[in-house]
2 protein chains.
Amino acid sequence: MKLSRGVEWATHSCTVLAALPEERELSAEALAEFYELPSAYLAKQLQALRRAGIVQSSRGKGGGYRLGRPANMISLLDIVRAIEGPEPAFRCSEIRQNGPCALKKADCKRPCEIAAAFGKAEQVFRNALAAQTLDSLISEFVGNASPAHLMDMAGWIREKSG
Amino acid sequence: MKLSRGVEWATHSCTVLAALPEERELSAEALAEFYELPSAYLAKQLQALRRAGIVQSSRGKGGGYRLGRPANMISLLDIVRAIEGPEPAFRCSEIRQNGPCALKKADCKRPCEIAAAFGKAEQVFRNALAAQTLDSLISEFVGNASPAHLMDMAGWIREKSG
DNA sequence: GAGAAACTACTCGGATATCCATTGTCCGAGTTTACCTGG
DNA sequence: CCAGGTAAACTCGGACAATGGATATCCGAGTAGTTTCTC
């Protein structure tokens with residue numbers, strides 16, 4: 001079980017977008033430069049975020065990306081679902097209906113106990129992700145970072161979003 | 001994020017092995033037949049379980065697999081770790097140390113806030129998996145299944161483990 | 001007839017191919033801006 | 001000097017390759033039971 005690399009990139013990118021001044025935007029190119037990422041591939045992730053409504057985009061010269069809603073309305077679960085898709089991690093293929101002791105389909109109204117067990121754990125995981133917002137992440141980051149570094153970041157962002 | 005198909009197979013297989021009479025074993029071939037799975041690939045998963053100590057094996061005619069410890073000492077987390085490996089799902093590549101506003105390595109004693117957030121959710125997930133034992137799964141299954149089906153299974157297992 | 005050695009049948013175990021999702025890249029679509037031209 | 005049109009530059013967006021891990025398979029390694037040969 002592993003999360004796509006894109007999840008990491010998308011989350012970091014969202015924290016940068018959250019620091020944008022109002023009515024400003026950052027291009028995929030600029031975001032990629034900020035973390036030294038391959039810009040074309042990062043763009044792919046940003047498109048997924050856009051389809052999920054997490055970011056908005058505008059084309060043309062001076063265009064780019066901005067957050068689609070306030071940072072306190074964006075959870076880690078939103079980002080994971082946008083990048084990885086909504087399918088559950090554990091996929092039950094109903095092998096209990098196979099083999100010499102196969103269960104009849106009529107006896108399978110209840111979900112498979114094993115699938116249910118994994119589903120329960122997965123729900124707990126999703127809840128834990130949903131409880132953490134982009135906003136709270138940024139607050140932690142700001143609390144830990146040095147003032148000099150924050151100024152550095154703000155300056156770069158302002159320059160690139162001009 | 002998705003769990004390997006092998007996790008499903010391994011868990012089902014463990015529940016069957018738990019139903020074995022003392023001092024009996026089931027071959028990979030028999031287990032595969034029970035669920036109509038490709039035996040060679042299931043064998044691969046069983047090897048992973050063996051390396052983790054969840055099952056034991058013996059070679060030669062009449063050989064096969066049996067549980068390595070009581071079913072109440074085997075959790076879903078044990079099985080997932082055996083099949084998927086111990087690496088965390090979220091891999092932090094420290095991109096905060098890249099780019100024009102890179103953090104110096106000395107400033108990275110604290111883990112990245114984003115990695116920490118995902119790590120926290122993942123820990124919750126692991127706890128939820130660790131709390132569910134093979135034993136409790138089987139109890140649920142037995143509670144839900146029809147007596148006829150249980151007899152059917154027990155008969156087949158006794159026959160194949162002879 | 002008894003014992004030992006060799007043989008055979010059966011099973012695990014690791015090395016080896018194949019396939020698909022993730023990763024990575026490219027070029028066309030669309031929009032803004034700036035410049036150029038004519039009035 | 002101003003307005004409109006046109007072209008260029010810049011950005012997103014979806015279609016197109018490459019790579020790595022999951023999936024699937026095979027054959028050698030090892031063991032127990034059986035058979036056979038010899039004493």
Side-chain angles (χ1 to χ4, degrees), chain A residues 1-10 13 17 23-33 35-66 68 80 82-85 87 89-91 93 95 160-162, chain B residues 1-10 13 17 23-33 35-66 68 80 82-85 87 89-91 93 95 160-162:
Chain A
M1 186 189 74
K2 63 194 219 305
L3 284 162
S4 160
R5 190 61 50 102
V7 170
E8 179 188 11
W9 299 357
S13 296
L17 291 181
E23 302 293 319
R24 295 293 185 85
E25 300 186 334
L26 270 181
S27 69
E29 186 72 35
L31 274 170
E33 183 190 344
Y35 288 120
E36 283 182 40
L37 301 175
S39 67
Y41 188 32
L42 177 62
K44 194 186 183 76
Q45 318 298 340
L46 289 170
Q47 286 165 37
L49 291 178
R50 181 187 59 83
R51 276 190 287 269
I54 295 173
V55 305
Q56 291 177 348
S57 65
S58 62
R59 286 180 157 182
K61 192 166 185 169
Y65 293 94
R66 61 188 177 282
V80 170
I83 304 293
E84 301 261 332
E87 307 82 24
F90 183 89
R91 298 155 292 168
S93 46
I95 59 176
K160 287 289 179 175
S161 65
Chain B
M1 184 189 76
K2 63 193 219 305
L3 283 161
S4 160
R5 190 60 50 103
V7 171
E8 179 189 11
W9 300 357
S13 296
L17 291 181
E23 302 294 319
R24 294 293 184 85
E25 300 184 335
L26 270 180
S27 70
E29 184 74 34
L31 274 171
E33 183 191 343
Y35 287 120
E36 285 182 39
L37 301 176
S39 66
Y41 188 33
L42 177 63
K44 194 186 183 76
Q45 316 300 341
L46 289 170
Q47 285 165 37
L49 292 178
R50 181 187 58 84
R51 277 189 284 269
I54 296 173
V55 304
Q56 292 176 347
S57 65
S58 62
R59 285 181 158 182
K61 192 167 186 169
Y65 293 94
R66 62 188 176 281
V80 170
I83 303 294
E84 302 262 331
E87 306 83 26
F90 183 91
R91 296 155 293 166
S93 47
I95 59 177
K160 287 290 177 175
S161 65

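All chains are named by letter (A, B, ...) in the order of the sequence lines, taking the proteins before the strands, and each is independently numbered beginning at 1.
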Can you tell me the distance, in whole Å, between the CG atom of B:L26 and the C1' atom of C:dC10? 15 Å
Whole angstroms only, please: what is the CD-C1' distance between A:E29 and D:dG13? 15 Å
How many whole angstroms separate atom CD of A:Q56 from atom C1' of D:dC12? 14 Å
Spacing of OH belonging to B:Y65 relative to CD belonging to B:Q47, to within rounding of 0.5 Å: 5.5 Å
Over 12 non-hydrogen atoms of neighbours within 6.0 angstrom of CD in B:E29: no
Euclidean distance, atom CD1 of residue A:I95 to atom P of D:dT23 [Å, nearest integer]: 13 Å
Can you tell me how far apart CD (A:E25) and OG (A:S57) are? Round to the nearest 0.5 Å. 8.0 Å
Please state whether the base of D:dG13 and the side chain of A:K44 form at least one donor-acceptor pair under 3.5 Å? no
Gap between atoms CG and P, on B:L3 and D:dA22 respectively (whole Å): 11 Å
From the candidates D:dC12, C:dT25, D:dC10, the one with an atom nearest any side-chain atom of A:K61 is D:dC10
Which heavy atom in A:L46 sits nearest to a heavy atom in A:A28, and how many Å separate them? CD1-CB, 3.8 Å
To the nearest Å, how far apart are A:E25 CD and C:dT33 P? 11 Å
Compare the minimum distances between each of C:dT32, C:dC12, C:dG14 and the side chain of B:R50, then state the nucleotide with the smallest one. C:dG14
Which is more 5' along DNA chain C, the nucleotide nearest A:L42 or the one nearest B:A40? Just name the residue. B:A40
Quick one: are B:E23 and B:R66 in side-chain contact, heavy atoms under 4.5 Å? no
If each of B:R5 and B:R59 is mapped to the nucleotide of DNA chain D with the nearest heavy atom, which maps nearer the 5' terminus, i.e. the 5' end? B:R5
Is the phosphate of C:dG13 approached by B:S57 (side-chain N or O, under 4.0 Å from OP1 or OP2)? yes
Once you apply a heavy-atom cut-off of 4.0 Å, does B:A43 come out as touching a base, just sugar-phosphate, or nothing? nothing
Nearest nucleotide by nearest heavy atom, which residue falls closer to the 5' end of DNA chain C, B:G60 or A:K2? B:G60
Can you see which heavy atom on A:A10 is nearest to which on A:I83, and at what distance? CB-CD1, 3.9 Å
Rounded to the nearest Å, what distance is computed from the CG atom of residue B:L46 to the C1' atom of nucleotide D:dT23? 15 Å
Can you tell me which nucleotide in C:dC10, D:dG14, C:dG13 comes closest to the side chain of A:R51? D:dG14
A:Y41 has its side chain closest, among D:dG14, C:dT22, D:dC12, to C:dT22
Ignoring backbone atoms, establish whether B:Q47 has a side-chain N or O less than 4.0 Å from OP1 or OP2 of C:dG14. yes
Picking from D:dA24, C:dG24, C:dG14, which would you name as closest to the side chain of A:W9? C:dG24
CG of A:L49 versus P of D:dC12: gap in Å, rounded? 13 Å
Both A:G64 and B:S4 contact DNA chain D. Taking the nearest nucleotide for each, which residue is further toward the 5' end? A:G64
